[in-house]
Q: 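One structure is given below, represented as structure tokens, and several questions about it will come after.
None of these values were measured; they are calculated from a predicted model. When reading the values below, keep in mind they use all heavy atoms of this one structure, side chains included, and skip hydrogens, waters and symmetry mates. In the text below, chain A, chain B and the rest are named by the order of the sequence lines, each starting its count at 1.
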Amino acid sequence: ARHHGGKMILRIEDTDRTRFVENAQENLIKMLEWAGVEIDEGPSQGGEAGPYVQSERTELYVKYANELLSSGKAYYAFDTAEELDAMRKRLQESKQGDYRYDRANMRNSLTLGEEKTKELIANGEAHVIRMYVPENTDISFKDIIRGDVTIHSSEVDDQILIKSDGFPTYHLANVVDDHFMGITHVIRGEEWLSSTPKHCLLYQAFGWEQPEFAHLPLLLNKNKTKLSKRDGSVAVEEFKEKYLRDAFVNFVALLGWNPSADREIYSMQELIDLFQLDKVNKAGAVFDMQKLDWFQFQYLQKLSPEEMGDILKVELEAQGYPSFDKEWLNKVAYCLRERVHFIAEIPAFAPYFFTDNLEFEDEFMAKHWNEDKKALITPLVDEYRKVSEWKHDPLNAATKAYCEAKGIKMKEIMNPLRLMLTGKSGGASMFGTMELIGKDKCLERMSSFIAQR
RNA sequence: GGCUCCAUCGACUAAUGGAUAGGUCACCACCCUUUCACGGUGGCAGUACGGGUUCGAAUCCCGUUGGAGUCACCA
């Protein structure tokens with residue numbers, strides 16, 4: 001929509017009252033805002049075509065269902081769930097693979113007649129309104145992504161339009177709302193492709209102009225089945241907690257569509273400018289977390305130290321650490337940015353910045369600590385004590401001078417030093433790390449390590 | 001099972017009917033190096049299969065195979 005200067009309208013499709021979830025609407029809106037989707041019209045912002053919540057529009061749907069009833073394009077049905085089950089069982093046993101509503105042999109206004117129908121309704125008998133699908137015709141529509149699609153009417157069920165609770169089904173509500181809300185393009189997942197003929201039939205029955213259809217390829221799990229909240233942890237809320245917005249948007253935008261051959265990183269604005277519906281792929285795309293993490297890393301590198309510090313601060317608080325100086329946190333986060341994919345990993349990756357209770361990696365210790373190393377390093381503590389400006393360059397110079405005096409390579413010193421000060425085999429530049437840990441703590445850690453090991 | 005959609009490296013993808021099928025993630029090797037990374041260089045790896053049309057097919061057509069979606073008083 002943004003590419004063509006269109007509006008973003010949010011419509012809440014809450015016609016299934018049995019699946020009503022508290023706060024679902026609020027969460028959905030928050031999630032869309034996070035993803036950078038700006039809503040022009042919707043339940044919160046209002047607009048000419050409101051209300052934007054389907055459960056508040058039932059009168060409209062009933063009105064149009066009645067219109068279909070009077071033109072013979074819909075009818076009442078009184079069948080119970082048990083009767084429908086029996087029908088499907090019967091059909092399954094006779095003709096194979098044909099479970100559609102058998103309107104000629106069920107209890108509906110077609111078989112019962114007008115009078116009996118009126119009587120049943122007057123008696124308060126539960127009933128639905130079904131669409132009358134014409135016999136033996138081809139229903140064709142044009143899909144922007146898939147080209148012409150044709151489905152025979154014998155494959156289309158007499159879809160329920162109004163349920164016995166008086167609420168419409170998606171099919172009716174969607175067509176009526178799209179018409180009155182001026183929707184020009186229906187862009188949705190491929191799972192809707194096979195029910196699109198029902199919608200076409202409704203547009204025809206009302207005499208309304210049909211919108212353009214575009215059925216997007218599905219997002220798939222690793223096993224290539226439809227990605228759903230049920231079989232993977234793909235709730236966008238979870239991504240919202242973990243990933244940078246732009247990284248997530250960039251990754252998802254490139255699933256099923258790609259503007260060029262040799263570039264991966266695009267801003268939201270570039271995506272909007274470049275997007276072309278008819279260039280969208282037809283085949284489903286596997287949602288590859290590893291590549292998402294790569295995007296995350298790329299976007300993490302673009303953050304300012306302040307922004308990294310902000311995230312780190314929140315993360316440390318969430319993990320129950322005491323508070324630290326923000327400027328210092330900025331520096332810590334910035335110096336570790338190339339070693340992690342997520343700022344949230346920092347407390348576990350480099351705990352030595354936030355606690356004095358160091359844990360020493362056994363393997364690293366075994367490899368880089370022995371009596372020789374101890375003898376080599378011990379005098380260095382005093383050398384460091386003399387360093388007045390506890391910063392990367394002076395520390396580097398002091399260490400270099402010490403190594404030259406001893407006639408050894410820097411390498412001999414660096415690993416034991418890292419071991420004593422961090423306990424970890426990996427991390428950022430040693431002298432930069434020492435600068436951030438601070439002189440007092442560094443000297444203390446070294447002496448106590450030497451005393452104990 | 002019926003119907004519909006789909007098919008390029010393991011994954012995401014690029015390629016008016018015309019170059020050695022290009023790029024990215026992942027993986028591997030090497031380089032850089034003060035650890036771990038980042039980065040750099042290189043490598044592995046693909047047009048599902050069989051026909052047809054064409055001077056020429058990843059591309060168009062047919063078939064096969066495979067995968068997915070759908071078949072609710074859910075959306």
Q: Sticking with atom P, work out how far B:U13 lies from B:C28, rounded to a whole angstrom.
A: 24 Å
Q: Mind checking A:Asp14 for me? I need base, sugar-phosphate or nothing, with any heavy atom below 4.0 Å counting as a touch.
A: nothing
Q: What's A:Lys367 touching, base or sugar-phosphate or nothing? Going by heavy atoms closer than 4.0 Å.
A: nothing
Q: What's the gap between B:G56 and B:G67 when it is taken at their C1' atoms, as a whole Å value?
A: 31 Å
Q: If a pair satisfies side-chain hydrogen bond (donor to acceptor under 3.5 Å, both in side chains) and one of its residues is in residues 166-175 of chain A, list it, with sequence neighbours excluded.
A: A:Tyr170-A:Arg188, A:His171-A:His199
Q: Rounded to whole angstrom, note down the P distance from B:A15 over to B:C9.
A: 16 Å
Q: Would you indicate what A:Gly189 reaches in the nucleic acid, counting non-hydrogen atoms under 4.0 angstrom: base, sugar-phosphate, or nothing?
A: nothing
Q: Report the residues that fulfil side-chain contact (heavy atoms from CB on, under 4.5 Å) with A:Asp246, sequence neighbours left out, ordered by chain and then residue number.
A: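 side-chain contact (heavy atoms from CB on, under 4.5 Å) check on A:Asp246 returns A:Tyr299.
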Q: Kindly point out which of B:C73, B:C3, B:A11 is positioned nearest to the side chain of A:Val286?
A: B:A11
Q: With distance as the sole criterion, is a donor-acceptor pair present between the side chains of A:Asp293 and A:Tyr243 under 3.5 Å?
A: yes
Q: Go along nucleotides 31-36 of chain B 5' to 3' and tag each nucleotide: B for a protein heavy atom under 4.0 Å from its base, S when only backbone or sugar atoms are that close, - otherwise.
A: ---BBB
Q: Taking only the P atom of each, what is the distance from B:C32 to B:U41 in whole angstrom?
A: 15 Å
Q: Please name the nucleotide paired to B:U33 by Watson-Crick or G-U wobble geometry with both distances under 3.5 Å, or report none.
A: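 No nucleotide pairs with B:U33.
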Q: Give every residue pair that meets the side-chain hydrogen bond (donor to acceptor under 3.5 Å, both in side chains) criterion with at least one member in residues 394-408 of chain A, sequence neighbours excluded.
A: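 Qualifying pairs, neighbours excluded: A:Tyr384-A:Thr399.
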Q: With heavy atoms under 4.0 Å as the rule, sort A:Thr399 into base, sugar-phosphate or nothing.
A: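 Touches nothing.
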Q: Can you list everything that forms a side-chain contact (heavy atoms from CB on, under 4.5 Å) with A:Trp294? Sequence neighbours excluded, please.
A: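 For A:Trp294 the side-chain contact (heavy atoms from CB on, under 4.5 Å) partners, ignoring immediate neighbours, are A:Glu264, A:Ile265, A:Gln298.
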Q: Please state how far atom NE2 in A:His171 lies from atom P in B:C73, giving the value in whole angstrom units.
A: 10 Å
Q: Check every atom of B:U70, B:C38, B:C73 against the side chain of A:Ser164 and return the nucleotide holding the closest atom.
A: B:C73
Q: Which listed nucleotide (B:U24, B:G2, B:C5) is nearest to the side chain of A:Glu155?
A: B:G2
Q: Within this structure, what is the CZ-to-P distance between A:Phe213 and B:C5, rounded to whole angstrom?
A: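 For the pair A:Phe213 CZ and B:C5 P, the rounded distance is 15 Å.
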Q: Is the base of B:C60 syn or anti, where syn means the angle lies within 90° of 0?
A: anti
Q: If the condition is side-chain contact (heavy atoms from CB on, under 4.5 Å), which residues does A:Asp393 pass it with, not counting sequence neighbours?
A: none
Q: Should we count CD of A:Glu359 as having more than 12 external heavy atoms under 6.0 Å?
A: no
Q: I'd like the P distance from B:G66 over to B:C60, given in whole Å.
A: 23 Å
Q: Among B:A14, B:C3, B:U24, which nucleotide sits nearest the side chain of A:Ile151?
A: B:C3
Q: A:Glu361: what forms a side-chain contact (heavy atoms from CB on, under 4.5 Å) with it, not counting sequence neighbours?
A: A:Phe364, A:Lys424, A:Ser425
Q: For A:Ile413, report the nucleic acid contact type (base, sugar-phosphate, nothing); a contact means any heavy atom under 4.0 Å.
A: nothing
Q: Using the side-chain heavy atoms of A:Thr15, tell me which of these nucleotides is nearest: B:A75, B:C5, B:C73.
A: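 It is B:A75.
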Q: Show every ring pair (Phe, Tyr, Trp, His ring centres under 6.0 Å) that has at least one partner inside residues 135-160 of chain A, sequence neighbours left out.
A: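 Every ring pair (Phe, Tyr, Trp, His ring centres under 6.0 Å) pair that includes a residue of residues 135-160 of chain A, provided the two are not neighbours, is A:Phe141-A:Phe213.
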Q: Does the side chain of A:Asp16 come under 3.5 Å of the side chain of A:Thr18 through a donor N or O and an acceptor N or O?
A: yes
Q: Any strand is fair game: report the nucleotide pairing with B:G1 by Watson-Crick or G-U wobble, both distances under 3.5 Å, or none.
A: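 Pairing partner, where one exists within any strand: B:C71.
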Q: Expressed as a whole number of angstroms, how long is the span from A:Ile145:CD1 to B:G69:P?
A: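 Going from A:Ile145 (CD1) to B:G69 (P), I get 17 Å.
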Q: Please output the side-chain donor-acceptor pairs of residues 338-355 of chain A that fall under 3.5 Å, not counting sequence neighbours, one pair per line with the distance.
A:
residue	atom	partner	partner atom	Å
A:Arg339	NH1	A:Gly427	O	3.0
A:Glu345	OE1	A:His341	N	3.3
A:Thr355	OG1	A:Asn357	N	3.1

Q: Using a 4.0 Å heavy-atom cut-off across all strands, classify A:Arg130 as base, sugar-phosphate, or nothing.
A: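 Contact class for A:Arg130: sugar-phosphate only.
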Q: P atom, B:A19 versus B:G1: distance in rounded Å?
A: 41 Å
Q: Test side-chain contact (heavy atoms from CB on, under 4.5 Å) on A:Lys373 and A:Leu419 and set out the steps.
A: CA-CA 11 Å; A:Lys373 293 286 182 193; A:Leu419 171 70; over 6 Å; no
Q: Tell me which residues in residues 192-200 of chain A lie within less than 4.0 Å of RNA chain B, going by non-hydrogen atoms.
A: A:Trp192, A:Leu193, A:Ser194
Q: For residues 144-165 of chain A, pull every pair meeting salt bridge (charged side-chain N to carboxylate O under 4.0 Å, His left out), keeping only residues two or more places apart or in separate chains.
A: A:Arg103-A:Asp158, A:Arg146-A:Glu190
Q: When you measure from the side chain of A:Thr225, which nucleotide among B:G23, B:G69, B:C74 comes out closest?
A: B:G69
Q: Please report the distance separating the C1' of B:U59 from the corresponding atom of B:U54, rounded so that it comes out in whole Å.
A: 13 Å
Q: What is the distance, to the nearest angstrom, from the CG atom on A:Asp262 to the P atom on B:A21?
A: 19 Å
Q: Both A:Pro217 and A:Glu13 contact RNA chain B. Taking the nearest nucleotide for each, which residue is further toward the 5' end?
A: A:Pro217
Q: Are OP1 or OP2 of B:G69 and a side-chain N or O of A:Lys224 less than 4.0 angstrom apart?
A: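 Indeed not, no polar side-chain atom of A:Lys224 lies that close.
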Q: Do A:Glu41 and A:Arg11 make a side-chain contact, defined as non-hydrogen atoms from C-beta onward lying under 4.5 Å apart?
A: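 Not touching, per the 4.5 Å side-chain cut-off.
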Q: Nearest to the side chain of A:Lys226, which nucleotide is it out of B:G69, B:A75, B:C12?
A: B:G69
Q: For nucleotides B:A14 and B:G23, find the distance between their P atoms and express it as a whole number of Å.
A: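 Rounded to whole Å, the distance is 15 Å.
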Q: Return the value, rounded to whole Å, for the distance between atom CG of A:Asn258 and atom P of B:C12.
A: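 So the CG-P distance, A:Asn258 to B:C12, works out to 12 Å.
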Q: Which pairs, protein N/O on one side and nucleotides 25-27 of chain B N/O on the other, fall under 3.5 Å?
A:
residue	atom	partner	partner atom	Å
B:C25	OP1	A:Trp294	NE1	3.4

